[in-house]
Amino acid sequence: METGGGGEDCCVKVAVHVRPLIADERAQGCKDCVTVIPGKPQVQIGTHSFTFDHVYGSTGSPSSAMFEECIASLVDGLFQGYNATVLAYGQTGSGKTYTMGTGFKDGCQTGIIPQVMNVLFKKIETLKHQTEFQLHVSFIEILKEEVQDLLDPTCLNKPETANGHAGKVTVPGKPPIQIRETSNGVITLAGSTEVSVSSLKEMAACLEQGSLSRATGSTNMNNQSSRSHAIFTITLEQMRKLNPVFPGESSPNESMNEEYLCAKLHLVDLAGSERAKRTGSDGLRFKEGVHINKGLLALGNVISALGDDKKRKEGAHVPYRDSKLTRLLQV
Ligand SMILES: Nc1ncnc2c1ncn2[C@@H]1O[C@H](COP(=O)(O)OP(=O)(O)OP(=O)(O)O)[C@@H](O)[C@H]1O
């Protein structure tokens with residue numbers, strides 16, 4: 001799903017990515033439960049059919065077209081100062097991490113985030129003579145309504161333990177990360193690492209470091225399930241020269257010839273939306289599920305409020321404050 005910018009008519013769009021059966025499922029004799037209606041962005045499950053903005057995978061459009069059709073315009077929008085958010089939503093094992101590329105390993109280039117990074121740096125390369133760029137990335141996860149910093153160099157990785165969790169251990173004494181709002185309404189994360197990056201390689205290293213630090217655990221439906229919402233945020237700052245001054249000429253007022261733009265792209269791999277019963281979860285995993293579903297409910301309410309053009313224009317309340325996830329994605 002994509003939201004925001006780039007001069008699009010609608011501010012919320014939804015695409016479905018249907019994944020093929022994986023080896024385990026084929027071995028168990030599982031069958032595809034979703035049919036894509038040929039030539040239409042529509043899927044059928046039993047007697048119900050559902051229409052989306054796009055359908056990829058299976059007999060729908062090829063997955064390779066997803067970036068160009070859904071995401072490229074959001075990256076362009078960043079350069080025009082538009083914020084945007086891409087959310088991967090679905091039950092455990094449906095392919096969110098694969099689609100986003102948040103399981104980034106060994107320089108693998110598939111997935112939305114690696115493609116965003118490639119296009120971003122190509123564009124910067126072509127514009128760098130008339131514009132000064134500064135890029136920052138942060139990578140956090142929200143686990144049981146607590147924000148964890150996946151790029152914190154002082155955190156230690158821990159393997160999966162008896163209570164069924166792999167992930168980060170924060171060094172004792174470190175204050176928790178807090179969500180703050182500045183006087184002009186900008187949401188900031190006090191205490192989280194923002195890495196300044198100047199090359200594709202540096203940004204890819206941040207994605208890889210954070211991906212390896214994510215909290216995962218096993219469920220009946222995915223033996224390497226992400227139990228948290230992971231948010232990879234790219235902040236692009238630009239100082240654009242409006243009327244470039246030619247060598248030998250002097251500008252009367254430098255700052256009048258410059259335009260400053262700052263925009264954020266949030267790339268979000270949400271935790272699985274499954275029901276507790278289906279994943280066989282109890283105890284810790286069940287409690288996690290309760291927090292996950294609360295966050296997803298709040299997200300659904302925010303998207304409904306934003307997707308209702310009439311209400312939005314009337315200035316209706318958007319309930320961003322109902323969860324950390326929605327609060328963080330506010331800007
Ligand atoms: N489009 C695809 N093509 C081939 N394999 C895929 C595709 N999407 C997902 N998979 C495979 O399916 C399995 C589950 O995918 P993934 O871990 O991305 O699911 P998930 O929705 O992120 O699950 P969770 O919410 O539990 O983290 C993985 O083995 C992944 O490699």
Side-chain angles (χ1 to χ4, degrees), residues 1-17 53-54 56-57 60-88 95-139 150-151 194-211 230-241 259-269 329 331:
M1 177 184 299
E2 35 174 320
T3 73
E8 302 271 341
D9 294 330
C10 176
C11 73
V12 180
K13 288 197 171 188
V14 184
V16 173
H17 192 196
D53 292 297
H54 305 274
Y56 299 100
S61 307
S63 304
S64 55
M66 189 188 315
F67 181 80
E68 211 38 57
E69 291 175 1
C70 299
I71 316 292
S73 62
L74 303 182
V75 180
D76 284 345
L78 258 191
F79 287 83
Q80 294 157 35
Y82 290 106
N83 299 315
T85 298
V86 181
L87 302 160
K96 300 178 296 295
T97 303
Y98 182 98
T99 303
M100 292 306 290
T102 342
F104 186 88
K105 273 187 218 123
D106 310 323
C108 170
Q109 291 297 299
T110 57
I112 286 171
I113 304 181
Q115 291 181 79
V116 165
M117 299 191 311
N118 274 326
V119 168
L120 192 66
F121 280 98
K122 273 191 192 140
K123 221 170 147 68
I124 287 178
E125 192 56 36
T126 60
L127 296 171
K128 68 179 184 194
H129 299 295
Q130 67 253 40
T131 307
E132 210 176 285
F133 292 100
Q134 278 199 1
L135 272 169
H136 291 94
V137 293
S138 67
F139 199 0
L150 294 173
L151 297 180
E194 257 212 276
V195 182
S196 171
V197 289
S198 54
S199 68
L200 176 60
K201 209 170 157 201
E202 284 173 13
M203 196 181 272
C206 291
L207 178 62
E208 186 167 12
Q209 182 195 337
S211 298
I231 308 176
F232 186 79
T233 303
I234 300 172
T235 307
L236 178 71
E237 286 182 276
Q238 312 174 62
M239 190 67 91
R240 194 181 297 168
K241 300 213 177 351
E259 178 184 44
Y260 172 78
L261 287 176
C262 179
K264 281 185 184 184
L265 178 61
H266 292 300
L267 299 148
V268 189
D269 178 6
L329 298 178
V331 180

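We're numbering straight along the sequence, starting at 1. Source: prediction; values computed, not measured.
Smallest separation of non-hydrogen atoms from Ser138 and Glu194: CB-CG, 4.2 Å. Scanning both residues, Gly81 and Ala263, for their nearest heavy atoms gives C-CB, 3.6 Å. Ala230 and Phe139 get closest at one heavy-atom pair: CB-CE1, 4.0 Å. The two residues His54 and Cys70 make their nearest non-hydrogen contact at CD2-SG, 3.6 Å. In terms of heavy-atom proximity, Leu151 sits nearest to Val137 at CD1-O, 4.0 Å. Contact between Asp53 and Val12 at its shortest, heavy atoms only, is OD2-O, 4.4 Å.
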TODO: Would you please test Lys123 and Leu78 for side-chain contact (heavy atoms from CB on, under 4.5 Å) and show each step?
DONE: CA-CA 11 Å; Lys123 221 170 147 68; Leu78 258 191; over 6 Å; no
Open item on the list: Could you go through Leu127 and Arg240, starting from their C-alpha distance and side-chain angles, then the distance that decides it, and tell me whether this counts as side-chain contact (heavy atoms from CB on, under 4.5 Å)?
Closed with: CA-CA 10 Å; Leu127 296 171; Arg240 194 181 297 168; over 6 Å; no
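The residue from Thr97, Val268, Ile112, Ile231 that alone fulfils the side-chain contact (heavy atoms from CB on, under 4.5 Å) condition with Thr102 is Thr97.
For the atom pair OG (Ser73) and CD (Glu68), the distance works out to 9.0 Å, reported to the nearest 0.5 Å. For the atom pair NE2 (His17) and OG1 (Thr99), the distance works out to 5.0 Å, reported to the nearest 0.5 Å. Taking CD of Glu259 as the reference point, atom CE of Met239 lies at 10.0 Å (rounded to 0.5 Å). Annotation: the span from Leu265 atom CG to Thr233 atom OG1 amounts to 8.0 Å, rounded to 0.5 Å. Note: Ile71 CD1 to Met66 CE = 7.5 Å, rounded to the nearest 0.5 Å. We find the CD-CD distance between Gln238 and Gln130 to be 10.0 Å, quoted to the nearest 0.5 Å.
Residues Leu135 and Ile124 form a side-chain contact, since some pair of their non-hydrogen atoms from C-beta on lies under 4.5 Å apart. Tyr82 places none of its side-chain heavy atoms less than 4.5 Å from the side chain of Leu74. Looking at Asp269 and Ile113, their side chains never come closer than 4.5 Å, going by heavy atoms from C-beta outward.
Glu125 is linked by a salt bridge (Lys or Arg N to Asp or Glu O under 4.0 Å) to Lys128, counting only residues two or more places apart in sequence or in another chain.
When the shell of 6.0 Å around CD of Glu132 is examined, it contains 12 or fewer heavy atoms from other residues, nucleotides or ligands. Atom CD of Glu202 has more than 12 heavy atoms from other residues, nucleotides or ligands within 6.0 Å.
Ring pair Phe133/Phe79: centre-to-centre distance below 6.0 Å.
Ser61 contributes no side-chain N or O that, together with a main-chain N or O of Tyr56, makes up a donor-acceptor pair within less than 3.5 Å.
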